[in-house]
Amino acid sequence: MVGLTRVPGLLFGGDYNPEQWPEEVWAEDVRLMAEAGVNMATVAVFSWSRLEPGQGEYDFGWLDRVMDLLHAHGVAADLATATATPPPWLVRAHPEMLPVTADGVRLEFGSRQGYCPSSPVYKREIVRLATAMAERYRDHPALAMWHIGNEYADHTLECFCPESARHFRTWLEARHGSIDGLNAAWGTSCWGQHYTGFDQVEPPRTAPGPVNPAQVLDWRRFCSDALLELFEAEKAALRRVTPELKVTTNFMSILHGLDYWKWAAAEDIVSDDAYPDPADPSSHVGIALSYDLMRSLKQAPWLLLESSPSAVSWREVNAPKPPGMMRLHSLQALAHGSDGVMFFQWRQARYGPEKFHSAMLPHGGTETRGWQETLRLGADLGRLAEIAGTHATAEVALVLDWDSWWGLEAPESMPSNRLRLKDLLLSWYRPLHARGIAVDLAPPGRDLSGYKLVIAPNLYLGGEELLSYEGELVVGPFSGVVDVNDQVRDGGAPGPLRELLGVRVDEWWPLPDGTAQKTDLGTASTWAEWLRLDGAETLAHYRGGDLDGLPAITRKGRATYLSCLLDDVTPVLDEVLARAGVEGIEVPAGVEAVRRGDYLFLLNHTTTQQRIALPGAGADLLTQTAMSGEIQLAPRDAIVLKETR
Ligand code: GAL
């Protein structure tokens with residue numbers, strides 16, 4: 001049982017904002033934390049203005065007392081560097097550090113994350129504060145890990161101010177070497193954009209018409225890197241003082257804005273904030289995909305650092321979690337490799353934009369349903385302690401590449417704006433998930449040789465990385481289209497994959513909204529292609545319409561190509577799974593089956609009792625009961641079966 005930190009077992013707790021409460025309340029907080037089995041609290045995330053009310057005037061006293069109290073009650077601290085919101089005095093002294101939109105509007109103070117990612121002042125000040133925090137708490141026994149910033153890119157992903165422009169130019173010079181290099185990469189001969197100096201280059205601000213897509217692609221890369229520089233600067237400051245302590249920053253599930261492969265490589269622990277919508281009966285599927293990404297980022301256990309006990313406060317309508325759902329969703333994160341369950345937040349706020357966001361300890365106190373659910377989960381996590389540190393393996397990988405994603409979803413210049421990467425990923429993930437088949441996510445450059453089946457739902461950009469993979473391969477539509485600079489491959493798609501797949505795309509055939517295109521293996525909407533065979537055989541033809549009789553799905557050797565977005569990929573998937581020799585776990589619809597090491601999680605996401613034939617025998621850790629054969633799983637209930645070998 002090796003945990004993520006020195007805290008044994010699974011981590012349990014949440015964001016703790018004691019500065020929002022009088023000190024008398026703190027004693028009750030820690031007493032109730034101990035009662036619920038809380039062993040970790042995230043502190044000081046937005047505390048900069050309270051820790052440093054004026055430049056260099058630190059007020060650590062209150063946080064010292066909080067840290068002492070936590071420690072005295074057996075609660076470790078995921079201590080934030082407190083840099084997520086710069087204080088008003090800093091912003092007023094340097095108003096140029098507030099972010100500017102693409103339309104040139106400078107955003108005001110009064111919310112959070114009010115900083116330009118390229119501001120040298122902000123960067124200098126966060127390094128100073130992180131250093132002060134590290135020096136203050138380096139030897140504090142409560143300190144278990146560092147929480148750098150908070151949800152990078154949540155409110156501030158990009159800034160279009162002159163400072164950002166300078167930073168962007170430096171980044172571009174490093175990437176392209178010279179202005180000629182940039183001109184070639186960006187194809188500036190189009191629309192008269194030829195530059196003669198880097199000083200003429202700007203971020204892609206709002207322009208009269210569509211902005212050069214290669215410029216936008218580099219901007220997306222730059223924005224991810226610029227925020228990562230901030231993270232790295234704080235990490236370096238912390239490492240100087242506390243080299244042995246692990247660092248994390250909380251990710252935001254599967255997110256377009258940041259290249260999480262790059263980010264995860266910079267952290268010691270991957271952590272995630274996950275907020276599936278309780279009102280969406282299929283939200284557990286999308287979130288499972290995110291959890292599998294988190295596990296795959298470092299191919300190791302990760303941490304659910306934020307989730308909501310019940311309702312959030314930022315949707316149009318904030319549905320609560322009905323009884324049992326919070327527990328079920330928490331167990332789901334564990335099934336997919338989290339080494340704990342943490343929430344936003346410990347005590348429900350009485351003011352501010354999140355006063356209606358649920359918490360582990362609701363406004364109504366210990367009499368509430370919410371508190372009873374907190375106690376129940378705490379007890380369950382205690383029973384599951386032995387799963388900490390165990391890892392799930394998968395035979396199937398879904399390829400995910402941020403460059404490709406950014407290129408694919410570039411605004412204004414694509415054959416169709418309807419082709420969205422998450423839809424493409426989910427079209428495969430959904431049936432895999434329903435079949436109880438474990439899935440890893442993988443960047444195209446990772447060694448894929450350990451997988452029996454690799455599916456690239458879309459690789460708009462690149463593609464050559466797949467050539468070395470020798471197993472069963474499926475490639476989705478609109479792949480191998482452009483190179484790293486978003487320039488179309490000579491001879492057309494699928495570019496570097498042409499020979500492997502044995503096909504050529506003559507023409508994109510996006511399907512207008514509300515229309516569909518039939519194939520022998522199901523109906524496509526959104527997307528189709530006019531395909532020519534060049535060595536492949538046809539598995540399914542298009543039927544009807546202008547594409548009638550043309551190949552829709554093809555195969556050459558071990559490589560299958562889908563030129564369309566099928567509404568249901570099941571027939572193709574079942575066939576390739578059989579070819580690859582991948583088997584799942586049979587469960588009723590709405591029941592999720594996930595293996596993590598020796599443990600089989602069965603999670604009933606439906607509101608009815610389900611009959612399940614267990615694939616093996618073992619003991620349910622939650623109820624300490626031996627089980628085999630057929631079992632009944634109550635609505636929104638779960639079992640965690642320790643399988644006997
Ligand atoms: C996260 C954030 C938390 C809290 C939470 C509410 O985005 O990190 O501070 O705002 O959402 O759901």
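Side chains are part of it too, since the values below use all heavy atoms of this structure and drop only hydrogens, waters and symmetry mates. Just so you know, ligand 1 is whichever comes first in the structure, and atom 1 is the first atom listed for that ligand.
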Kindly write out the residues that satisfy salt bridge (charged side-chain N to carboxylate O under 4.0 Å, His left out) with Glu23, not counting sequence neighbours, or none if the list is empty.
Arg65

For ligand 1, the residues whose heavy atoms come within less than 4.0 Å (ordered by chain, then number)
Phe46, Arg112, Asn150, Glu151, Asp154, Asp273, Tyr275, Glu306, Trp314, Phe344, Glu354, His357

Sorted by chain and residue number, the ring pair (Phe, Tyr, Trp, His ring centres under 6.0 Å) partners of Phe343 (sequence neighbours excluded) come out as none

Under the salt bridge (charged side-chain N to carboxylate O under 4.0 Å, His left out) test, which residues partner Asp637, sequence neighbours left out?
Arg327

For Ser271 and Thr248, does a side-chain donor sit closer than 3.5 Å to a side-chain acceptor?
yes

Compute whether any side-chain donor of one residue and acceptor of the other, for Asp154 and Gln113, lie under 3.5 angstrom apart.
no

Examine distances only and state if a side-chain atom of Asp292 and a backbone atom of Leu289 form a donor-acceptor pair shorter than 3.5 Å.
no

